[in-house]
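For reference, the structure discussed in these notes is given below.
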Amino acid sequence: MTPDELSGALSAALAAAVADGTLALPADAIPASVHVERPRQREHGDWATNIALQLAKKAGVAPRTLAEDLAKRLVVTPGVKAVDVAGPGFLNITLDAAAAGSLARTIVEAGAAYGRNDSEAGLKINLEFVSANPTGPIHIGGVRWAAVGDSLARILTASGAEVAREYYFNDHGTQIDRFARSLLAAAKGRPAPEDGYGGAYIAEIAEAVIADALADGDADPRDLPDAEAQETFRARGVTRMFAEIKQSLHDFGVDFDVYFHEDSLHESGAVEHAVARLQAGGHMFEKDGALWLRTTDFGDDKDRVVVKSDGDAAYIAGDIAYYLDKRERGFDDVIIMLGADHHGYVGRMMAVCAAFGDTPGKNLQILIGQMVNLVKEGQPVRMSKRAGTVLTIDDLVGAVGVDAARYSLARYSADSNIDLDLDLLASAKNENPVFYVQYAHSRTVQVAAKAAERGVRREDGFDPALLDQESEAVLLGRLTEFPRIVAQAAELREPHRVARYLEALAGDFHSWYNQNLRVAPYPDEEVTDQHRTRLWLNDAVRTVLVNGLGLLGVSAPERM
RNA sequence: GCGCCCGUAGCUCAGUGGAUAGAGCGUCUGCCUCCGGAGCAGAAGGUCGUAGGUUCGAGUCCUAUCGGGCGCACCA
């Protein structure tokens, strides 16, 4: 019996109570689906609902009285073993072992589909994340969004959405000029420019650019006049950096559907197109020789310059055009993940969204994630791209591997700052909970292998009523929750919920395993339905662990 | 000054109004002749920053306040 079926039974009980006059409520006061949840306390049964507490006041009856009535109606439902009224008016529901245990087979038969849901069904979602400037390797902050964003894309897809992963490649402005001047300076052995970048990677990129140029039969850029040389370093340096970033992300298990170049917006006329639309809407005005967007009409705290008085497009012009471009490509929801250092954009971009006649918070959703701090021996370590003291995506993967890196970045709420301890990274990687979850998975594989060796075959029998141990009820309850967890992670855009769920599931599984309830019989024992049914349960756990780890982009090894 | 995020066990963090607030790490005590001990069982450890408020019920919602992080450009 699934929570949805239980919820349906509760709705029916309510409807019946209204029909025979026991419950004096208008039909529209009855919720379409009654919320049931897993109680924290095992003594409170398999499922609990507070529906009587919610409706009692409206109906003018005591909560416990209503609860007693509902309990009587519900307890006759097939699969329901007991319904108790507790506390101020909770309904605590206990299922038959058979009704609960049947889930094991359902999950195994659903396989990869178990956990999929329709909470985002039919939506075309554009998810933009990372979008780090091509002026250096991706550092730890960007890696966090790579892990979280890619996982979110997987979760949204599992929830029925059509998702495009997109990377906005910022190759237009003065940051790129600085980058080019820095490369030139490094190539010529001159000190880094005042406002430039000084990391060791700059010298490496400069060398690579020179090698690329020579390989193409071009002149050594060091022999060119500065202006020409700088252009060579800009063009080749950006291309080079772009390729490196793409490769690093690929090695991290993250591949984008679209790498969108800011330059293309300016070259294609997309910026003019977007500005023209805003002008037509009456949202633009001229002042001090510049062209402004009146974002204050839509809640921003000040108006924004779109075209500067020198005729150049301001940065926001690209963002405006980019947003419109995404919408015109047919995306319903445009989601952008940004670090907390960019949260100043939210107000103006929401205003832009509204100026186009869209709905902020729906057509445009901006997710702000907090920063990652590096800590060494308890002291914060400042990371600076210009000083070259950065922890890059490749450093992180090299130190702990893709699985541990992705998992440990995705298991935290994006709202919380992460303190990453460099010593811990290097020394104690076994502390990562990812191994706890992966170990549970490999255990299910080994258990199944041993069972097969002893002649236990799922198709020879399944009797869910035999899953009557307490640890089995706990495990089944946990397995039931998975689709809801995925749906919730999708709706709230919070992938960490999947990770936390998997840790709990792994814990329940390890605990069950240690009861020594035997999936594989001892060598001198007969194979019974007990073994076969437990194998179904074991394999159901494996299915959910595989599906869940997959949503995080983490592997599920068969042995460790 | 204004805005956003955070404050929960010694540490790192879960907990989108429910019952006795959880996990990992660390500390202490037990558990390997049989499906892998990267595991399990148990103990210790909390005025959920503080003060008010809403509610049958608040870690969760509201207000104020303290502490920390990050922002408030004709930069990108």
Side-chain angles (χ1 to χ4, degrees), chain A residues 37 39-41 43-44 48-50 53-54 56-57 63 86-90 92 133 135 170 172-178 195 262 287-292 301-302 304-310 312 314-316 318-319 339-347 368-371 373 378 408 411-421 424 428 430-433 435-436 438-440 442-451 453-454 456 488 491-492 494 496-497 499-501 503-504 506-507 509-525 531 534-535 538 559-560:
Chain A
E37 62 180 19
R40 270 207 275 253
Q41 248 50 47
E43 309 85 71
H44 295 153
T49 178
N50 60 358
L53 286 162
Q54 288 178 344
K57 196 169 189 178
F90 292 104
N92 292 337
N133 286 350
T135 53
N170 210 272
H172 186 70
T174 57
Q175 305 256 14
I176 298 296
D177 293 339
R178 284 180 194 158
D195 58 354
E262 184 189 2
K287 195 180 93 180
D288 303 332
L291 194 57
W292 299 65
D301 48 8
K302 61 189 73 161
R304 305 291 169 177
V305 169
V306 178
V307 180
K308 296 189 274 188
S309 53
D310 64 6
D312 283 352
Y315 182 78
I316 196 176
D319 282 343
D341 52 341
H342 289 92
H343 79 249
Y345 295 157
V346 177
I368 296 298
Q370 300 301 309
M371 315 296 274
N373 306 307
S408 58
R411 75 184 286 268
Y412 298 108
S413 159
D415 282 341
S416 70
N417 288 88
I418 294 181
D419 289 329
L420 212 57
D421 191 309
L424 225 59
N430 274 1
E431 287 174 16
N432 195 314
F435 299 112
Y436 184 76
Q438 287 183 319
Y439 182 59
S442 70
R443 206 170 224 182
T444 62
V445 173
Q446 300 307 320
V447 166
K450 179 65 75 176
E453 187 185 312
R454 301 269 161 88
V456 183
Q488 190 180 49
E491 284 162 15
L492 298 174
E494 293 183 347
H496 75 274
R497 290 171 182 275
R500 300 295 173 152
Y501 168 81
E503 290 168 30
F509 174 74
H510 285 309
S511 186
W512 174 71
Y513 174 89
N514 275 82
Q515 300 277 310
N516 202 25
L517 296 174
R518 306 308 304 182
V519 175
Y522 292 116
D524 55 350
E525 253 185 339
H531 300 116
R534 284 179 180 152
L535 180 58
N538 176 80
R559 52 181 68 244
M560 300 177 65

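Values in this document were obtained by computation on a predicted structure and should not be read as measured data. Residue numbering restarts at 1 for every chain, and letters A, B, ... go by the order of the sequence lines.
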Practice prompt. May I ask which nucleotide in the shown strands pairs with B:G7, Watson-Crick or G-U wobble, both distances under 3.5 Å?
Written response: B:C66
Worksheet entry | Any A:Y513 side-chain N or O less than 4.0 Å from OP1/OP2 of B:G37 | yes
Fill in: Is_stacked (A:H342, B:G71) at 5.5 Å, 30 deg
no
Worksheet item: In Å, rounded to the nearest 0.5 Å, how long is the span from CD of A:E453 to CD of A:Q446?
Response: 10.5 Å
Response to the item:
A:H496 has its side chain closest, among B:C13, B:A14, B:U20, to B:A14
Discussion item. If I take atom NE2 from residue A:H531 and atom CG from residue A:L517, how far apart are they, to the nearest 0.5 angstrom?
Written reply: 10.0 Å
Fill in: Stacking check A:Y412 vs B:C13 (5.5 Å / 30 deg)
no
Worksheet entry | Touch class at under 4.0 angstrom, heavy-atom based, for A:D288 against every strand present | base
Worksheet item: Does A:F90 stack onto the base of B:A19, taking stacking as ring centres under 5.5 Å apart and planes under 30° apart?
Response: yes
Worksheet item: To the nearest 0.5 Å, how far apart are CD in A:E491 and CZ in A:R497?
Response: 10.5 Å
Item to complete: Select base, sugar-phosphate, or nothing to describe what A:N516 touches, counting heavy atoms under 4.0 Å on all strands.
Response: base
Item to complete: Give the nucleotide from the list B:G18, B:C75, B:G71 with an atom nearest to the side chain of A:E37.
Response: B:G18
Worksheet item: How is A:D312 classified with respect to the nucleic acid when contacts are heavy atoms under 4.0 Å: base, sugar-phosphate, or nothing?
Response: nothing
Fill in: Assigned glycosidic conformation for B:C32 [threshold 90° from 0]
syn
Fill in: Residues forming a side chain to side chain donor-acceptor pair (under 3.5 Å) with A:H172, sequence neighbours excluded
A:D263
Worksheet item: With both distances under 3.5 Å as the test, what is the Watson-Crick or G-U wobble partner of B:A41?
Response: B:U29
Item to complete: Classify the nucleic acid contact of A:S413 as base, sugar-phosphate or nothing, counting any heavy atom under 4.0 Å across all strands shown.
Response: sugar-phosphate
Every protein N/O lying under 3.5 Å from an N/O of nucleotides 54-58 of chain B:
residue : atom : partner : partner atom : Å
B:C56   : OP1  : A:K57   : NZ           : 2.5

Practice prompt. Please tell me which of A:H172 and A:R518 maps to the more 5' nucleotide of RNA chain B, matching each residue to the nucleotide holding its nearest heavy atom.
Written response: A:R518
Worksheet item: Reckon A:A86 touches a base, only the sugar-phosphate, or nothing at all at heavy-atom distances under 4.0 Å?
Response: base
Item to complete: Scan every strand shown for a Watson-Crick or G-U wobble partner of B:G57, both distances under 3.5 Å, and answer none if you come up empty.
Response: none
Discussion item. Mind checking if A:A290 touches a base, just sugar-phosphate, or nothing, with heavy atoms under 4.0 Å?
Written reply: base
